[in-house]
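Hydrogens, waters and symmetry mates play no part in the numbers below; they use all other heavy atoms, side chains included. Treat the numbers as computed from the prediction; the structure is a model and nothing was measured. Each ligand, and each atom within it, is numbered from 1 in the order the structure gives.
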Amino acid sequence: MNRPSKIPRHVTLIMDGNGRWAASRGKERVFGHFEGVESVRAVMEASVEWGIEYVSFFAFSEENWKRPVAEVTTLMDLMGKAMEAEFPTFQAHSVRFMVLGDRERLSGKLNSTIDRIMQATAANTGLTMILFLSYSGKWDILQASRKLALDLINNPTLGISEETFARYLVTDGIPDPDLMIRTSGEKRISNYMLWQNAYTEFVFTDVMWPDFRKEAFFRAIEEYASRDRRFGNVK
Ligand code: IPE
Ligand code: IPE
Ligand code: MG
């Protein structure tokens, strides 16, 4: 497979449809989550191969805490294990790994795994791979507002410009997504990176996340490549 004709700097993926994928095979929802990890690996490998700078995944939303405890526990457990399993690959390809979201809601065990892998890969210079965990766009805007409000008391000259505000979001230093891909046929943003997705190109595919592999990823990027990004301007 060739390299897509135009490479976005930052691709983000809303991984959706694991439960339906499993149900359509007469299996438990978690089976879809297990298979979905293979898709994350496939997208990561293709991103390394194609020289994408940033790839991010919406892995668990603030709203997903509402799911049955058993599913949440399995998902969290799976995430910790997948990170451990991928650590050698991160190092082999100089992948910088990050987790962004409300870390306070994660278990101590998962947080220590995340800290260890983030620290060990912090200086890597290849692909930056981000997992959005216990994240929501509104949460991000609120946590940024709270921190900025406190800093403004001590330093009123800071002001509230777009640039200043963006520095308080958890994505500080990371370019806004150029392309957002959502699988499973749902056409909504589900409270994901509301600020950062302001000018992102959206590609929606009916493919369920466990089936989303290199081929489907390639096609989504090709659709992005055909888009005309005007940013409000005229040609
Ligand atoms: C995506 O698949 C994984 C997470 C949101 C954690 P879902 O679990 O949402 O699967 P569906 O949408 O119910 O099929
Ligand atoms: C969005 O998927 C969140 C993640 C992929 C982590 P959901 O399956 O939770 O979204 P809704 O509930 O269908 O909007
Ligand atoms: Mg879903």
(request) Give the numbers and elements of all ligand 2 atoms closer than 4.0 Å to a heavy atom of Arg188. (result) 11 (P), 13 (O), 14 (O)
(message) Return all protein N, O or S atoms below 2.8 Å from the Mg ion (ligand 3), chain by chain in residue order.
(response) Asp16 OD1
(request) Check each heavy atom of Arg182 against ligand 2 and say whether those closer than 4.0 Å belong to the side chain, the backbone, both or neither. (result) side chain
(message) Can you tell whether the side chains of Asp228 and Arg230 come within less than 4.0 Å, N to carboxylate O?
(response) yes
(message) I'd like to know if the side chain of Asp102 pairs up with that of Gln143 as donor and acceptor (distance under 3.5 Å, no hydrogens or angles considered).
(response) no
(message) Any heavy-atom pair between the side chains of Phe90 and Met44 that's under 4.5 Å?
(response) yes
(message) Using a strict threshold of under 4.0 Å (side-chain N to carboxylate O), is an ion pair present between Glu222 and Arg227?
(response) no
(message) Cation-pi check for Trp21 against Arg25: NZ or CZ below 6.0 Å from the six-membered ring centre and within 45 degrees of the axis, yes or no?
(response) yes
Taking only distance into account, with no hydrogens and no angle test, what donor-acceptor pairs under 3.5 Å do side-chain atoms of residues 29-40 form with protein atoms, sequence neighbours excluded?
residue, atom, partner, partner atom, Å
Arg29, NE, Glu71, OE1, 2.9
Arg29, NE, Glu71, OE2, 3.4
Arg29, NH2, Glu71, OE2, 3.3
His33, ND1, Asn18, ND2, 3.0
His33, NE2, Glu71, OE2, 2.9
Glu35, OE2, Arg213, NH2, 3.3
Glu38, OE1, Arg41, NH1, 2.7
Glu38, OE2, Arg41, NH1, 2.9
Ser39, OG, Trp209, O, 2.8
Ser39, OG, Pro210, O, 3.2
Ser39, OG, Phe212, O, 3.3
Ser39, OG, Arg213, NE, 2.9

(request) For Asp151 and Lys147, run salt bridge (Lys or Arg N to Asp or Glu O under 4.0 Å): C-alpha distance rounded to whole Å, both residues' side-chain angles, the deciding distance at 0.1 Å, then the answer. (result) CA-CA 6 Å; Asp151 285 358; Lys147 281 195 213 139; over 6 Å; no
(request) Could you note down all residue pairs passing salt bridge (charged side-chain N to carboxylate O under 4.0 Å, His left out) where residues 48-66 supplies at least one of them, sequence neighbours left out? (result) Arg9-Glu53, Glu49-Lys214, Glu62-Arg105
(message) Given Leu169, which partner from the list Leu148, Ile174, Leu100, Asp140 fulfils the side-chain contact (heavy atoms from CB on, under 4.5 Å) test?
(response) Asp140
Anything under 3.5 Å between an N or O on ligand 1 and a protein N or O? List each pair with its distance, or write none.
residue, atom, partner, partner atom, Å
ligand 1, 2 (O), Gly17, N, 3.4
ligand 1, 2 (O), Asn18, N, 3.2
ligand 1, 8 (O), Arg29, NH2, 2.8
ligand 1, 8 (O), Arg67, NH1, 2.7
ligand 1, 9 (O), Asp16, OD1, 3.0
ligand 1, 9 (O), Arg67, NH2, 2.9
ligand 1, 10 (O), Asn18, N, 3.2
ligand 1, 10 (O), Gly19, N, 2.9
ligand 1, 12 (O), Asp16, OD1, 2.8
ligand 1, 12 (O), Arg20, NE, 3.4
ligand 1, 12 (O), Arg20, NH2, 2.8
ligand 1, 13 (O), Arg29, NH1, 3.0
ligand 1, 13 (O), Arg29, NH2, 3.1
ligand 1, 14 (O), Gly19, N, 3.3
ligand 1, 14 (O), Arg20, N, 2.7
ligand 1, 14 (O), Arg20, NE, 2.8

(request) List the steps, then state whether ring-ring contact (aromatic ring centres under 6.0 Å, His included) holds for Tyr135 with Phe60. (result) CA-CA 7 Å; Tyr135 176 88; Phe60 193 89; over 10 Å; no
